[in-house]
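Notes follow the structure.
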Amino acid sequence: MAVRVQSEDFDLGAELEALRAGRTDIGALVSFSGLVRDDTGDLKVLELEHYPGMTESALTEIEVEAHKRWELNATLIVHRFGPLKPGEQIMMVAAASPHRKAAFEAADFLMDFLKSRAPFWKKETGVDGAEWVDAKDTDEDALKRW
Amino acid sequence: MAVRVQSEDFDLGAELEALRAGRTDIGALVSFSGLVRDDTGDLKVLELEHYPGMTESALTEIEVEAHKRWELNATLIVHRFGPLKPGEQIMMVAAASPHRKAAFEAADFLMDFLKSRAPFWKKETGVDGAEWVDAKDTDEDALKRW
Amino acid sequence: MKLDVVYFAWVRERIGVPRETVETDALSVGDLVAELRAREDRYDLAFSDLSVVRVAVDQTLSDFDAPLKGVRELAFFPPMTGG
Amino acid sequence: MKLDVVYFAWVRERIGVPRETVETDALSVGDLVAELRAREDRYDLAFSDLSVVRVAVDQTLSDFDAPLKGVRELAFFPPMTGG
């Protein structure tokens, strides 16, 4: 169980490798990574702001909750902050479990709660200026699934 | 969209990297990998048998179906065959989409159908001899979710 | 009619060969299975519980009612356990 | 009572500072918000629609009814958009 909040990029493959290294009790490993999407080619930079201190404790709380709900061997949350370019990695979660269903559900759960409960905010600067990304009602609604 | 059936190990990180390289239209990338689990320490080898020809076409069919159902930028299925040791990677699926929900659901869907529709069979050789792994009723039931 | 028949996993082990050419006049997969079971004990053993045997006709999942006319390759195997 | 108050995202931009110390006798978060709105336009603007403002009390998500007694750090920000 680990949480990292950093400005540097991360190596998704190396993180997943480290999670399972030397173990034989993991049957299923699910990862999610979020990327800076720019369909139109208008996006110059995505700025990620966060609340140092609260971010780490909120993410840890979400992780602890996942371990209470599912049989998990390991989990990891890495989230970046600062300016990011289109195509760059924003964040990742990983969930390792003896069983497929638990790994999928836990990763999905981590993402749903991270979206609405971890203090990050996105600001997009495009060719027409800068704008804060609005939270979606569907993100808050997604919490009710769990 | 790609399917690979091979005896060699694969590099999960490199596969995921290749899937998103040079693109800015992916918002979410979900991967699942299956590992040889050995809780008790009794497992010597897991032998994966498959039906060459049918395996590739069955996996491709499952992938095509996923692309029909969800908005996906890319998918990949890699599955190994032959003898595998505890802790080794058995297979992986990856689904890239503009949206988180589609990426999660598609990866979950690929796994459910791969489990019950792709012609692979597992034989475990442990300290007490060899045994074919039984299919679970829950695997067949899982298809009804979709 | 001549058919290529392939077997996998414990079905293959019970029958003793991975692949063979079968000469038959059976009209359906089910008829062929009955014919094979009558021929030799190893087939009888392999096909004793058809609820745990799956069939593929020309590399597509099918069932025991499927007709054999025009078929080139028939496969028998247990429920799949990949992933 | 003295309180550290921090702001993020567009709440921070509207108020113009990321952090400040506020002297207040307000009993609840809501009371403090009302007091700040009465003080200056920039607060009035930032807090004009509380349905899009979230509050954290000592780094834990809370609400506008929360009492201020014993609180060290109060944070105001829009709904989160991480991931």
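Quick caveat: nothing in here was measured; it's all calculated off a predicted structure.
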Practice task
Under 4.5 Å, counting heavy-atom pairs only, tell me which of G27(B), G41(B), G22(B), G13(B) racks up the most with chain A.
Solution key: G27(B)
Handout entry: chain A contact via L29(B) - which portion, at a heavy-atom distance below 4.5 Å
Key = both
Practice task
Let me know if K115(B) has heavy atoms under 4.5 Å from chain A in its side chain, its backbone, both or neither.
Solution key: side chain
Handout entry: For chain B, the option from G87(A), A28(A), S31(A) that forms the most heavy-atom pairs under 4.5 Å
Key = S31(A)
Exercise for the section: Using distance alone, with no hydrogens and no angle criterion, decide if H67(B) and T75(B) have a side-chain donor and acceptor under 3.5 Å apart. Expected result: yes
Completion exercise
Given D108(B), L43(B), D25(B), the one with more heavy-atom pairs under 4.5 angstrom with chain A than any other is D108(B)
Handout entry: Centroid-centroid under 6.0 Å between F104(B) and F32(A) rings
Key = yes
Exercise for the section: Check whether I26(B) gets within reach of chain A through its side chain, its backbone, both or neither, counting any heavy atom under 4.5 Å. Expected result: both
Problem - Short N-O contact, R37(B) and D39(B), less than 4.0 angstrom - result: yes
Problem - Contact origin within R20(B) toward chain A - heavy atom pairs under 4.5 Å - result: side chain
Practice task
Counting only heavy atoms closer than 4.5 Å, note whether A95(B) contacts chain A via side chain, backbone, both or neither.
Solution key: neither
Practice task
Could you tell me whether D112(B) and R100(A) have a side-chain N and a carboxylate O separated by less than 4.0 Å?
Solution key: yes
Handout entry: Charged N-O contact under 4.0 Å between D38(A) and K44(A)
Key = no
Exercise for the section: Side chain from CB out, backbone as N, CA, C, O: work out which of these in V36(B) comes under 4.5 Å of a heavy atom of chain A, or both, or neither. Expected result: backbone
Practice task
Using a cut-off of under 4.5 Å on heavy-atom pairs, state which of A103(A), P98(A), P86(A), G34(A) scores highest against chain B.
Solution key: P98(A)
Practice task
Please determine if R117(B) and E140(B) form a salt bridge, counting it only when a charged side-chain N lies under 4.0 Å from a carboxylate O.
Solution key: yes
Handout entry: Nearest heavy atoms of L84(B) and Q89(B), plus distance in Å
Key = CD1-O, 4.1 Å
Exercise for the section: Compute the ring centroids of W121(B) and Y51(B), then answer whether they are less than 6.0 Å apart. Expected result: no
Practice task
Against chain B, label L12(A) side chain, backbone, both or neither, depending on which of its atoms sit under 4.5 Å from a heavy atom there.
Solution key: side chain
